[in-house]
Engineer: 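Before I ask anything, here is the structure I am working with.
Protein chains get the first letters and strands the later ones, always in sequence-line order, with residue 1 at the start of each.
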Amino acid sequence: MNTETLMNTEPQYTLSVLTEDRAGLLNNITLIFSRRKINLSSLNVSSTEVPGISRFTIVAECTRDRADKVCAQIRKLVDVAGAFVYEDHEIYYQEIALYKIPTDAVLNGQNLENIVRNNGARILCVEAHHIVIEKTGHKEETHALYEILEPFGLLEFVRSGRVAVSKSLRRTEAYIKELEESNSNVLSIKNY
Amino acid sequence: MNISKLTTDPAQNASRPAERISGAEAVIRCLLREEVTTIFGYPGGAIMPVYDALHGYLDRLNHVLVCHEQGAVHAAQGYARVSNGVGVCLATSGPGATNLITGIADAMLDSTALVCITGQVGSGLLGTDAFQEIDMIGISMPVTKWNYQVTRAEEIPFALARAFYIARTGRPGPVLIDITKDAQFAEFDFAYAPCTRIRSYLPYPQLDPARVDEAAALIASAKKPMMLVGQGVILSDAQEELISFAEKSGIPMACTLLGLSAVPADHPLYVGYLGMHGNYGPNVKTNECDLLIAVGMRFDDRVTGDLSRYAKQAKVIHIEIDPAEIDKNVKADVPLISDAKAALTALSAKVHAGAYPDWLAEFHACDAIEEEKVTRKDLAPDTPLVKMAEVIHLLSEITEGSAVVVSDVGQHQMAVSRYYAFRAKRHNVTSGGLGTMGFALPAAMGASLGQSKLPSVAVIGDGGFQMTIQELGTICRYNLDVKIMVLNNSFLGMVRQWQQLFFEKRYSFTEMQNPDFGLIAQGYGIPFLRVAQRSDLAATMHDFISRKGPVLLEVVVEKEENVFPMVATGASVSEIRLE
Ligand SMILES: Cc1ncc(C[n+]2csc(CCOP(=O)(O)OP(=O)(O)O)c2C)c(N)n1
């Protein structure tokens, strides 16, 4: 997949899923997308500030209606504590990209320092053969730098999945605590 | 997952000192602690330790040896459906386990509580393509409510306690526990505490009282309300609450395929069966009512027909325990996310006494049309051979609507749904969501063991019968009280009907070449009856029903009859065809 295909035009929604830390759950969650043939443009799994609770951050390309239905089916999984759908304006989100370029290409008179500074990136390492640049940002931003660096002859490019935190006032710990004390699942089905 | 945090708290079990037993024996002990009395299964290498342990508990646990694992899982389903309990089955790894999949998928779609226990190769062999190793967790994931692989004996009480809790609570469903052979052999200190809570799984949503008021207001202003009753009513044991709500509010009730038997067929407010081959009135009136109250049903496409032309004029109240069903197919104006019993009780208290005589009369007018165009021809036909409808109608009369009827999939299933006048809850057992041919024979075995009072009548087509015919061996071995009725039209009738209606009568591979069912019955030592003439039907049917123990009745029916009414695929419910 080249990065052009990543610049999709389908609407995107970010799902944030809080789960028990359980092997196999990744499969369980992705099956719910794949059975509806929904493409995921990124998926990230990480621990949270609550021990034993993981967070899946998933970016799906589909309509709002389908995102909501998928989210409800994810919530239904026994080991899922909560699942929420967000539009981009409801979250703070970032991705990280790494660019590996040949050192000699840079030595040929190009002003790498300026490029890095102007793009809010940083140089991760400089080796005899290659230089690695790191940039954090939205996809458009990491893609813009990709286009600038491409003429240097990129050796390798990689971009992480999106990570996001919501703009809501929710605290994960308080949410899980409430769940633990709750008698019904109204809480887990409420959208924060 | 960190098991040590989740396993039973030893302090809670202070009264029961831990005992050192094998994982295999622990499986049996867990089943006994969950009050399981009957299990269905088939042995093999990777489950042998459990079978060995079972041998010491035969006085307490009834194990039914089936002839094929698909038989075990369908039997467990039949057992669960009639008893409202949890069906349990046991199978070995690899092919034994994969043979369960159809039944597990069926239970998933029809919300049936099952605990399926499969053996697995030793944990050291996992992932190596070892003999009879299959990734059962991966395979069963999309068709189970929950699954878990046990690789250490210590996990067994935790896994089984959770399995039973998850299978039977909330919207019920199948759970699979895969246990490696080394975990079955290993010894550990056994202690059991049932699971009562999982923080990420809270199965009983609390009814929102504000929503109940909104629903009551919608009901108060409705002129033409109707209720769509699904299996949720049966699963939450809310038949009485449903009837009292209906009788107070005066709202007519229609049933989905799995909802049949939730409402006695002779109830004055019962207006019939919904869906593709349902009754004329409830289908047509769905698109004329001003309020739909869906109770424990999920607006399956076999009920709704073309969604874009489904009940657009009506407000919708959706009573449903599974939040993921709300707005999935039909948008709810007022969702009542709740167990059906709680919601109906709350709603009953808020509604005014009402009656809709004119509206009910509209249903009856439809019934008269259906009677003339369909039912009369079905029940008093001039065909040389009997029709399925006649047979089922007679069965219904002779058993007074109180047999447990387990139907397979096809035209005969629709004949049961239309013509068996169910009188009591949990008497209708059929494969709805998955439409699994071969379901009825093994499910009827389970149904006969899940309740002992009533005969279980399996109604099957000649096609479906041959899909799980080997279970005659189980019926014979245990002398199960299953009355098997094969409606033989020498066709895969339902498919043939579609070929006739939509594929210009090209009968591509739907004509059957059947064996001599009498010889087959004889081979299994099962009494056999056969009817080929209308004049013999009544006497033979009486004989069939009055016998004790298993009996097979073959009824030779019209070869090319069609089931009507019918909502063709893509059509709207109001476009239901009567001929
Ligand atoms: C396992 C399975 N395979 C195929 C089908 C498709 N199918 C639905 S009804 C039907 C015909 C059933 O024929 P029969 O059992 O003779 O019953 P009839 O319709 O004649 O009453 C078929 C093949 C199915 N539902 N299940």
Engineer: Any idea how His138(A) and Tyr93(A) line up, ring-wise: parallel (<30°), tilted (30 to 60°), or perpendicular (>60°)?
Structural biologist: parallel

Engineer: Measuring heavy-atom distances to chain B, does Ile74(A) have an atom under 4.5 Å in its side chain, in its backbone, in both, or in neither?
Structural biologist: neither

Engineer: Is it the backbone or the side chain of Ile137(B) that comes under 4.5 Å from a heavy atom of chain A, or both, or neither?
Structural biologist: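 Contact with chain A is absent: no heavy atom of Ile137(B) under 4.5 Å.
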
Engineer: For the side-chain hydrogen bond (donor to acceptor under 3.5 Å, both in side chains) test, which of Thr180(B), Asp178(B), Asp182(B) pairs with Gln120(B)?
Structural biologist: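 For Gln120(B), the side-chain hydrogen bond (donor to acceptor under 3.5 Å, both in side chains) check succeeds only for Asp178(B).
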
Engineer: Is any side-chain heavy atom of Val70(A) closer than 4.5 Å to one of Cys62(A)?
Structural biologist: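 In short, these two side chains do not touch, never coming nearer than 4.5 Å.
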
Engineer: Contact part of Asp322(B) toward chain A, heavy-atom cut-off under 4.5 Å: side chain, backbone, both or neither?
Structural biologist: side chain

Engineer: Rounded to the nearest 0.5 Å, how far does CD1 of Ile326(B) lie from CZ of Arg298(B)?
Structural biologist: 13.5 Å

